[in-house]
Protein chains: 2
Amino acid sequence: MALLDLLGRRWALRILWELRDGPVPTFRELQQRCDNVSSSVLSERVRELRGAGIVSETGFELTDAGRELLTVLGPVDAWAKRWAKRARPPA
Amino acid sequence: MALLDLLGRRWALRILWELRDGPVPTFRELQQRCDNVSSSVLSERVRELRGAGIVSETGFELTDAGRELLTVLGPVDAWAKRWAKRARPPA
DNA sequence: CGGGATCCCCGACGATACTG
DNA sequence: CAGTATCGTCGGGGATCCCG
């Protein structure tokens, strides 16, 4: 699955997360929100997400597809949280 | 998200996929189905999936949680397929 | 048959410096 | 400010051998 190839990469989901509530004004701002990730990596990741049609070509915001993705990912996230609680403490 | 840490790893999803229709009899068999992945990697991945409660502790089959995961992943997969068609040919 | 122990390699990531 | 170029590292993945 190529999608995981993308989302599995470092900071990819974080970027999605940071853009979830609307556009982020500047590159540097996004960089700061992402724990000051290296500009090289951030730039590369954003480029990939743009290529995938998930992030807008101009500016730093999600496309419709990006928001859709967030939606389908919701249940997975929810499941992951429940899963974490029962699977993590396998004393 | 730790879940992606797991599923993003190589062969993890493939293993889920290969177990989707029921147990696979032997380690070697699963290995063959997974493109003859190295035993070291397969062993490690299965161990991780077991630790996550996704694969049964004994034998090579999904747990209830594993099947649940497959379920929530369904919509994501569906979305990914649609996404692939419109995003891939960005001629 | 299941899977641990080793060794090797490559690519992702990160830091830094730099340009328009 | 946005983004690229370069370089070093670190770890995951793969191949292979081998044991219980």
Side-chain angles (χ1 to χ4, degrees), chain A residues 1-63 66 69 73 80 84 87-88 90, chain B residues 1-63 66 69 80 87-88 90:
Chain A
M1 189 195 288
L3 183 62
L4 266 220
D5 257 26
L6 197 66
L7 301 185
R9 275 176 171 37
R10 220 140 194 220
W11 304 109
L13 281 178
R14 175 65 169 275
I15 292 170
L16 243 65
W17 184 248
E18 294 300 340
L19 299 182
R20 98 214 104 131
D21 291 326
V24 167
T26 72
F27 181 90
R28 307 287 181 195
E29 166 81 16
L30 180 57
Q31 187 175 12
Q32 285 172 39
R33 292 202 198 179
C34 292
D35 211 58
N36 278 312
V37 53
S38 295
S39 61
S40 54
V41 177
L42 179 58
S43 171
E44 189 183 357
R45 208 80 331 136
V46 169
R47 198 186 320 132
E48 291 167 0
L49 290 172
R50 279 177 173 156
I54 290 172
V55 168
S56 168
E57 284 297 333
T58 68
F60 303 94
E61 65 178 324
L62 296 180
T63 60
L69 177 57
L73 246 30
R88 294 292 277 287
Chain B
M1 185 194 290
L3 182 62
L4 268 220
D5 257 27
L6 197 66
L7 302 185
R9 277 177 170 36
R10 225 141 190 218
W11 305 109
L13 280 178
R14 174 64 168 274
I15 292 171
L16 243 64
W17 185 249
E18 294 300 341
L19 299 183
R20 98 213 103 129
D21 290 326
V24 167
T26 72
F27 181 90
R28 311 280 183 196
E29 166 80 15
L30 179 57
Q31 188 175 12
Q32 285 173 40
R33 293 202 198 179
C34 291
D35 211 56
N36 277 312
V37 53
S38 296
S39 63
S40 54
V41 176
L42 180 58
S43 170
E44 188 183 357
R45 208 82 325 139
V46 168
R47 200 186 320 131
E48 290 167 0
L49 290 172
R50 280 177 173 158
I54 290 172
V55 168
S56 167
E57 284 298 332
T58 68
F60 303 94
E61 65 177 326
L62 296 180
T63 60
L69 177 58
R88 292 293 276 290

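Residue numbering restarts at 1 for every chain, and letters A, B, ... go by the order of the sequence lines. This one's a predicted model, so the numbers in the text were calculated from it and none came from an experiment.
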Using a 4.0 Å cut-off to any heavy atom of chain A, which nucleotides of DNA chain C are the first and last in contact, reading 5' to 3'? C/dA12 to C/dA17
Scan residues 36-45 of chain A for pairs that pass salt bridge (Lys or Arg N to Asp or Glu O under 4.0 Å), counting only residues two or more places apart or in two chains. A/R45-A/E48
Any residue in residues 27-39 of chain A with a heavy atom nearer than 4.0 angstrom to DNA chain C? Just list them by number, or reply none. A/S38, A/S39
Hey, does the side chain of B/W11 come within less than 4.0 Å of D/dG14's phosphate (OP1/OP2), counting only N and O? yes
Heavy atoms only: give me the nearest A/R33-A/V24 pair and the separation to one decimal. NH1-CG2, 3.7 Å
Interatomic distance, A/L42 CG vs D/dC1 P [rounded to whole Å]: 14 Å
4.5 Å side-chain heavy-atom contact, A/L30 and A/L19: yes
Side chain proximity check, B/L62 to B/L49, heavy atoms < 4.5 angstrom: no
May I ask you to evaluate whether A/R50 reaches the phosphate of D/dA2, defined as a side-chain N or O under 4.0 Å from OP1 or OP2? no
Would you kindly give the CD-to-P distance between B/E48 and D/dG11, to the nearest whole Å? 15 Å
Nearest-Å distance for atom pair CG/C1', residues B/L4 and D/dG12: 17 Å
For the residue pair B/F27 and B/F60, what are the closest heavy atoms and their distance? N-CE1, 3.4 Å
Atom CZ of A/R9 to atom P of D/dG11: distance rounded to whole Å? 19 Å
What's the shortest heavy-atom distance between A/I54 and A/L16, and which atoms? CG2-CD1, 3.6 Å
Side-chain N or O of B/R10 versus OP1/OP2 of D/dG14: is the shortest distance under 4.0 Å? yes
State, to 0.1 Å, how close B/R14 and B/C34 come at their nearest heavy-atom pair, and which atoms those are. CG-SG, 3.7 Å
Within the structure provided, determine whether A/R47 and A/R50 are in side-chain contact (heavy-atom separation under 4.5 Å). no
